[in-house]
Engineer: 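The structure that follows is given in the form of structure tokens.
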Amino acid sequence: SETWVSTRDVDMTPAEDLIAIAYWGPPFGASVWDTKSGDLVAGWSKDAYFSGIRFSPDGKLLVVTHGAEPDVYRVGEWDEPLVQLEPLDYTAQYIEFSPDGTLLAVQASESTHVAVWDAATWTKKYDLREHEGNVTDLDFSADGQWLVTAGEDGTARVWEADTGRSVAVLPVPGRGETYIRFAPWAP
């Protein structure tokens, strides 16, 4: 029988020297590749869904999610994680660093849960659970002041990134999976 693998997430360092891929299979795993040589640099395989993978804005850290657990690695130190973050409610899926790299937001799939950590101390700053349906995406504004989440409840919610205080609930036409991104705009 034929075996298939589904790529779940990809990211590249700012220097464009490494690319990271999270995939479902079997096998379930993640890998890091050198873009110049094409060589495999690191790889992980566990009996858990690898859904998200993200380099920090300075390219020094890599967050890899498997199951509900986000692991943080120093780039080049692949054997053991620098820190294993507190598990989420369900499979960790969407991952974003704030543009300055000081915050890390991780969304749990099939859940209303988004967790935000201080990326200097790896202490959790806050949890967001106000969507009435599963959270389907998240993003930071370019200046890092705002975090926006989208959900199956037909809303996009805007939060103060530093505090987690809700500042706006925006209706999105229809219901179901909604994906969002901040875009530069000037009137």
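Please read these numbers as outputs of a predicted model, since none were measured by experiment. Heads up: numbering here begins at 1 and tracks the sequence. Atom set for the values below is all heavy atoms of this structure, side chains included, hydrogens, waters and symmetry mates excluded.
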Engineer: Where the side chain of Gln107 meets the backbone of Asp137, is there a donor-acceptor pair that is under 3.5 Å apart?
Structural biologist: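 Checked: no pair found.
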Engineer: Taking side chain to side chain donor-acceptor pair (under 3.5 Å) as the definition, give me every residue that meets it alongside Asp39, ordered by chain and number, with sequence neighbours left out.
Structural biologist: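 For Asp39 the side chain to side chain donor-acceptor pair (under 3.5 Å) partners, ignoring immediate neighbours, are Ser37.
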Engineer: Looking only at heavy atoms, what is the nearest atom pair of Gly52 and Ile95, with distance?
Structural biologist: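 Shortest heavy-atom contact: C-CD1, 3.3 Å.
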Engineer: Looking at every non-hydrogen atom in both residues, tell me the closest pair between Pro99 and Gly144 and how far apart they are.
Structural biologist: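 Nearest pair, atom of Pro99 first, then Gly144: CD-CA, 3.8 Å.
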Engineer: Can you tell me how far the NZ atom of Lys60 sits from the CD atom of Glu77, to the nearest 0.5 Å?
Structural biologist: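 If I round to the nearest 0.5 Å, the distance is 12.0 Å.
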Engineer: Side chain to side chain donor-acceptor pair (under 3.5 Å) with Asp127: which residues, sequence neighbours excluded?
Structural biologist: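 Asp127 satisfies side chain to side chain donor-acceptor pair (under 3.5 Å) with His113, Lys124 only.
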Engineer: Restricting to non-hydrogen atoms, name the atom on Gly59 and the atom on Pro14 that form the minimum distance, rounded to 0.1 Å.
Structural biologist: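 Heavy atoms only, the tightest pair is CA-CD, 3.7 Å.
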Engineer: If you compare all heavy atoms of Pro87 against all heavy atoms of Glu69, which two are closest, and at what distance to 0.1 Å?
Structural biologist: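 Closest pair (atom of Pro87, atom of Glu69, distance): CG-CG, 4.1 Å.
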Engineer: How long is the straight-line distance from CD of Glu130 back to OG1 of Thr112, given to the nearest 0.5 Å?
Structural biologist: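 One finds 10.0 Å between OG1 of Thr112 and CD of Glu130.
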Engineer: Have a look at Glu96 and tell me which of Leu138, Leu104, Val106, Val116 forms a side-chain contact (heavy atoms from CB on, under 4.5 Å) with it.
Structural biologist: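 Testing Glu96 for a side-chain contact (heavy atoms from CB on, under 4.5 Å) against Leu138, Leu104, Val106, Val116 leaves exactly one candidate, Leu138.
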Engineer: Identify, with sequence neighbours excluded, every residue that meets side-chain contact (heavy atoms from CB on, under 4.5 Å) alongside Val72.
Structural biologist: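 For Val72, the residues satisfying side-chain contact (heavy atoms from CB on, under 4.5 Å) (neighbours in sequence not counted) are Leu61, Val63, Leu82, Val83, Leu85, Trp122.
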Engineer: Any side-chain heavy atom of Asp118 sitting closer than 4.5 Å to one from Thr102?
Structural biologist: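 Heavy-atom side-chain distance check fails, nothing below 4.5 Å.
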Engineer: With heavy-atom distances below 4.5 Å as the criterion, would you say the side chains of Thr155 and His131 are in contact?
Structural biologist: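 Answer yes - side chains close enough.
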Engineer: Looking at side-chain heavy atoms only, is the closest gap between Trp117 and Leu103 below 4.5 Å?
Structural biologist: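 With C-beta onward as the side chain, the pair stays apart.
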Engineer: With side chain to side chain contact (heavy atoms under 4.5 Å, CB included) as the criterion, how do Val167 and Glu160 come out once you've worked through the C-alpha distance, each side chain's angles and the decisive distance to 0.1 Å?
Structural biologist: CA-CA 7 Å; Val167 295; Glu160 281 185 351; 3.9 Å; yes
Engineer: What's the spacing between Asp34 CG and Leu40 CG if we round to 0.5 Å?
Structural biologist: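 If we round to the nearest 0.5 Å, Asp34:CG and Leu40:CG are 10.5 Å apart.
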Engineer: Counting only heavy atoms not in Arg74, do more than 12 fall under 6.0 Å of its CZ?
Structural biologist: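 Atom CZ in Arg74 is not crowded, with 12 or fewer foreign heavy atoms closer than 6.0 Å.
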Engineer: Holding to side-chain contact (heavy atoms from CB on, under 4.5 Å), I want the full list of residues that pass it with Ser45, two or more places apart in sequence or in another chain.
Structural biologist: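 Here the qualifying residues are Pro27.
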Engineer: Would Thr13 and Ile19 satisfy side chain to side chain contact (heavy atoms under 4.5 Å, CB included), going step by step from the backbone distance to the final call?
Structural biologist: CA-CA 7 Å; Thr13 57; Ile19 188 167; over 6 Å; no
Engineer: Within the 4.5 Å heavy-atom criterion, are Leu62 and Ile53 side-chain neighbours or not?
Structural biologist: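 The answer is yes; the side chains approach within 4.5 Å.
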Engineer: Any sub-3.5 Å donor-acceptor pair from Tyr94's side-chain atoms to Thr136's backbone N or O?
Structural biologist: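 Yes, the answer is positive, given that a donor and an acceptor are paired below the 3.5 Å cut-off.
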Engineer: Do Phe28 and Tyr23 touch side chain to side chain, with heavy atoms closer than 4.5 Å?
Structural biologist: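 In short, these two side chains do not touch, never coming nearer than 4.5 Å.
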Engineer: If you define the side chain from C-beta out and look only at heavy atoms, does anything of Arg157 sit under 4.5 Å from Val169?
Structural biologist: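 Counting from C-beta outward, Arg157 and Val169 do come under 4.5 Å.
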Engineer: Tell me, do Asp162 and Lys125 make a side-chain contact under 4.5 Å, heavy atoms counted?
Structural biologist: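 Yes - at least one pair of side-chain heavy atoms lies under 4.5 Å apart.
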Engineer: Does Tyr126 reach the main-chain N or O of Arg165 with its side chain, forming a donor-acceptor pair under 3.5 Å?
Structural biologist: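 Checked: no pair found.
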Engineer: Does any non-hydrogen side-chain atom of Phe55 lie less than 4.5 Å from one of Tyr73?
Structural biologist: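 A side-chain contact under 4.5 Å is absent here.
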Engineer: Quick check: does any side chain N or O of Asp11 sit under 3.5 Å from a backbone N or O of Arg54, one acting as donor and the other as acceptor?
Structural biologist: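 A pair under 3.5 Å: no.
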Engineer: Can you name the residues that form a side-chain contact (heavy atoms from CB on, under 4.5 Å) with Gln145, not counting sequence neighbours?
Structural biologist: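 With sequence neighbours excluded, Gln145 shows a side-chain contact (heavy atoms from CB on, under 4.5 Å) to Ser141, Asp143, given in chain and number order.
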Engineer: What are the two closest non-hydrogen atoms of Ser98 and Pro57, and how far apart are they?
Structural biologist: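 Minimum heavy-atom contact is O-CG, 3.3 Å.
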Engineer: Answer with yes or no after comparing the ring centroid distance for Trp159 and Phe140 against a 6.0 Å cut-off, counting only values under it.
Structural biologist: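 No - the distance between ring centres of Trp159 and Phe140 does not fall below the 6.0 Å cut-off.
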Engineer: Do Leu170 and Val148 sit in one hydrophobic cluster, given that two such residues count as connected whenever their side-chain heavy atoms are within less than 4.5 Å of each other, even indirectly?
Structural biologist: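 They do share one cluster, since a chain of ILVMFWY contacts under 4.5 Å joins Leu170 to Val148.
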Engineer: Is there a donor-acceptor pair under 3.5 Å between the side chain of Asp71 and the backbone N or O of Gln84?
Structural biologist: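 Absent.
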Engineer: Main chain of Phe50, side chain of Thr65: is a donor-acceptor contact present, judged purely on distance under 3.5 Å?
Structural biologist: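 Judged by distance alone, no pair lies under 3.5 Å.
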Engineer: Can you sort out the partners of Trp33 under side chain to side chain donor-acceptor pair (under 3.5 Å), two or more places apart, ordered by chain and number?
Structural biologist: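 Checked Trp33 against side chain to side chain donor-acceptor pair (under 3.5 Å); matches are Ser31.
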